[in-house]
Amino acid sequence: MLQFKDVDYTYYTLDGETAALKGLNMSVERGQFVSVIGPSGCGKTTILSLAAGLLQPTGGEIVRAGDGTGYMLQRDALFPWRTVEENIFLPLEINGRKSAQSRQRAIALAEKYGLGNFLKKKPPELSGGMRQRVALIRTLAAGAELLLLDEPFSALDYQTRLEVCDDVQAIIKSEKKTALLVTHDISEAIALSDRVTVLSARPARVVAEHCITFGDGTPKSRRNSGEFAAMFEKLRGELGI
Amino acid sequence: MKKQIQSKGHALFIRGVKRKKILIWSVRLGLLAALLGLWELCAATELIDPFITSSPSRVAATAAELYRGGNLFYHIGITLMETITGFFAAVVCGYAIAVALWLSDGARKIFEPYIVVLNALPKIALGPLIIIWMGTGYTAIIFMTVIVSIIVCIMNTLTGFLQVDATMLTLMRALGASKRQTLTKLVIPASLPQLMNTLKVAVGLAWIGSIMGEYIVSRAGLGYLIVYGGQVFRLDLVMTATIILCALAGAMYAAVALVERAVVK
């Protein structure tokens, strides 16, 4: 679905250059939920920008299977002057695919995930968790197969965060989408993912990769599992904190 | 929002808020009445010289006299026309230029120093040039109104455009939006409150422009009455025109505030 082959990325400024990624190799298989964790400022967001095609690698190659990618950001970025429904239609408008059919599909999706009563409301009337759900539906309605998640829960308070985290994972799984999440939250990565990739400090390269198989696949069962703490410690060790 | 009275405590609270509002309005109007009264009293008792300071009754008499001569609304109309035309021209052109500068980073950087210099330049210095270029009719005054207000329109609008949330801009980029889509779907609606602020500032500047223009060159208008009244030492006329000007400027600001309330909810 997505493959990074020896990818380098260097930022240039007047004061010099910063290598964010050097020889990065990683891949995401279709239907997988992959998390990337690493120390702050190690270039996690750069990886997503490269995957989304917003940046071009300065070296190496990125292979993307044809399907669309959707980007979910740290904040929901819902437009407050548009209703929930109009926010969900935004990607369709931009791609010029705002047909009655595509709109209906978007609305059906929103209704399926409990947004039916909120369609005519404006984002400021919604709770933080609900807004993040709208943002996810907006991404899905655009027809994205690969979802790129840039710490989408970091702006939420702890309780909402757990809720939304479960919520988003369940929706992504039930829609059979592929996801690449970057985060600095170890427990979030363990709870959500099929695979966790650990990055080093800048310039980032892969330190370790772990397939996570315990639990029944829901974040809740992961957190309640006896193996959670051991995995947490292991990842912590690899991050060097 | 409909106000629904929920309980006895709520009813009391609403009454308190209303009372306070009434109190503030009565003091406001009372203050105005007191100032006018004091002015009239001092003038009537010759504590101040009404020939120099005029007085409310003399202002009213002058306004009535202008009205009878058919000149009152003529002068008001001329000044209003100049101000409003200049205001709209400045806002529309300023907005268009801001859009152009937003669309092109290069253009923005190239024109930035020019805009800064034009902003700092006291526009009245251009007075003689404007008279020679545009003649002594109201075109010159409208032009003065435009140049006084347009620079601030450009700068304020552009600032609003550039303050658009970075996350939202990234979202548009990730969705593959063109620059034009980003402008119409994100930047323009997001900067609407800033546009309303710009309109408020521009109202004040448009009045400065039109009155300043009339000071330099005019045969009619409130600014003309003020200058003329000063030259022939008819201070009643100066005061009358000034007070009408206060009322008109206040009304125009209120109109913009109403538009703002309707647009930004």
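Computation of the quantities below employed the complete heavy-atom set of this structure, encompassing side-chain atoms and omitting hydrogens, waters and symmetry-equivalent molecules.
Nearest heavy atom pair, residue Leu175(B) against residue Pro91(A), reads CD2-CB, 3.7 Å. Here the shortest heavy-atom pairing between Lys185(B) and Glu93(A) reads NZ-OE1, 2.9 Å.
Across Asp76(A), Leu90(A), Leu148(A), Asn95(A), the residue that shares the most heavy-atom pairs under 4.5 angstrom with chain B is Leu90(A).
To the nearest 0.5 Å, the span separating CZ on Arg173(B) from CG on Leu54(A) amounts to 4.5 Å. Taken to the nearest 0.5 Å, the OG1 atom of Thr139(A) stands 7.5 Å off from the CG atom of Leu171(B). Rounding to the nearest 0.5 angstrom, the gap separating the OG1 atom in Thr167(B) from the CG atom in Leu78(A) is 11.5 Å. Here the straight-line distance linking atom CZ of Arg75(A) with atom CE of Met168(B) works out to 7.0 Å at 0.5 Å rounding. Taking CG of Leu192(B) as the start and CH2 of Trp81(A) as the end, the distance is 9.5 Å to the nearest 0.5 Å.
The 12-atom threshold is not exceeded at NZ of Lys121(A), counting heavy atoms of other residues, nucleotides or ligands nearer than 6.0 Å. Heavy-atom neighbours of Tyr138(B) OH from other residues, nucleotides or ligands within 6.0 Å: at or below the threshold of 12. Residue-environment remark: OH (Tyr113(A)) exceeds the threshold of 12 foreign heavy atoms within 6.0 Å. No more than 12 heavy-atom neighbours from other residues, nucleotides or ligands sit within 6.0 angstrom of CZ on Phe88(B). Atom CZ of Arg82(A) sits in a crowded spot, with more than 12 heavy atoms from other residues, nucleotides or ligands closer than 6.0 Å.
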For this session: Begin from the C-alpha positions of Leu186(B) and Phe79(A) and carry the test side-chain contact (heavy atoms from CB on, under 4.5 Å) through to its verdict.
Result: CA-CA 8 Å; Leu186(B) 171 60; Phe79(A) 295 178; 3.6 Å; yes

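Looking at Leu73(A), the atoms closer than 4.5 Å to chain B (heavy atoms on both sides) all sit in the side chain, from C-beta outward.
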